[in-house]
Amino acid sequence: QLQASGGGLVQAGDSLRLSCTASRRTTSNNAMGWFRQAPGKEREFVASIGWRGWHRAYADSVNGRFTISRDNAKSTVWLQMNSLKPEDTAVYYCAVARGSSTSSSPQEYHYWGRGTQVTVSS
């Protein structure tokens with residue numbers, strides 16, 4: 001139901017744009033988010049966007065470098081990642097929230113896509 005794409009291998013300072021497309025039924029009136037998981041670490045929140053796209057939330061580690069956006073007509077959410085750092089290396093997952101408001105808690109999300117690998121070399 002969720003298909004993420006756009007990952008790859010880049011150098012520090014480069015940019016990547018991740019996209020995630022979902023079936024309309026899974027995203028109507030729902031917030032969406034991006035999480036990531038690095039090897040040996042727990043999954044962590046990256047960004048979230050409310051269902052209208054008006055409200056956004058970011059992890060401190062990516063605030064000012066990453067931008068989340070969505071197009072409900074296309075049932076798609078994007079994560080624009082600029083000024084990438086080696087510590088951004090992880091598998092990135094998109095998810096659909098149970099509610100319409102932004103959330104940083106994985107427990108608030110009930111649909112998860114397959115991850116896409118982002119690797120940033122120094």
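Being a predicted model, the structure only gives us computed values, none of them experimental.
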Between the main-chain N or O of [Y] and the side-chain N or O of [X], is there a donor-acceptor pair closer than 3.5 Å?
| X | Y | result |
| --- | --- | --- |
| R70 | G50 | yes |
| Y109 | C94 | no |
| R98 | Q107 | yes |
| T116 | G7 | yes |
| T102 | R56 | no |
| D88 | V118 | no |
| R36 | E44 | no |

Do [X] and [Y] sit in one hydrophobic cluster, given that two such residues count as connected whenever their side-chain heavy atoms are within less than 4.5 Å of each other, even indirectly?
| X | Y | value |
| --- | --- | --- |
| I68 | V96 | yes |
| L16 | V120 | yes |
| L84 | L18 | yes |
| V62 | V10 | yes |

pair [X]-[Y]: side-chain heavy atoms closer than 4.5 Å:
| X | Y | value |
| --- | --- | --- |
| H110 | N30 | yes |
| Q117 | L9 | no |
| Q80 | S15 | yes |
| L79 | V46 | yes |

When rounded to the nearest 0.5 angstrom, what is the spacing between [atom1] in [X] and [atom2] in [Y]?
| X | Y | atom1 | atom2 | result |
| --- | --- | --- | --- | --- |
| Q11 | S121 | CD | OG | 5.0 Å |
| S100 | N29 | OG | CG | 7.0 Å |
| W78 | M32 | CH2 | CE | 10.5 Å |
| F35 | S105 | CZ | OG | 7.0 Å |
| W34 | M81 | CH2 | CE | 8.0 Å |
| S48 | H55 | OG | NE2 | 11.5 Å |

* Check: Y58 ring centre within less than 6.0 Å of F45 ring centre ->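 Centroid separation for Y58 and F45: 6.0 Å or greater.
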* **Polar contact flag, side-chain donor to acceptor under 3.5 angstrom, T21-T76** =>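 T21 vs T76: donor-acceptor pair found between side chains.
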* Could you tell me whether the side chains of S5 and Q3 share a donor-acceptor contact shorter than 3.5 Å? =>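 Note: S5 and Q3 side chains miss the donor-acceptor criterion.
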* To do: On the 0 to 90° scale, with breaks at 30° and 60°, tag the Y93-W112 ring pair as parallel, tilted or perpendicular.
  =>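 Ring orientation, 0 to 90° scale: perpendicular.
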* Asked: Should we count CZ of R114 as having more than 12 external heavy atoms under 6.0 Å?
  ->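 No - once you tally the heavy atoms of other residues, nucleotides and ligands closer than 6.0 Å, there are 12 at most.
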* Asked: Would N82 and F66 satisfy side chain to side chain contact (heavy atoms under 4.5 Å, CB included), going step by step from the backbone distance to the final call?
  -> CA-CA 6 Å; N82 297 330; F66 291 11; 6.0 Å; no
* To do: Heavy atoms only: give me the nearest A38-A90 pair and the separation to one decimal.
  =>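 Minimum heavy-atom contact is N-CB, 3.8 Å.
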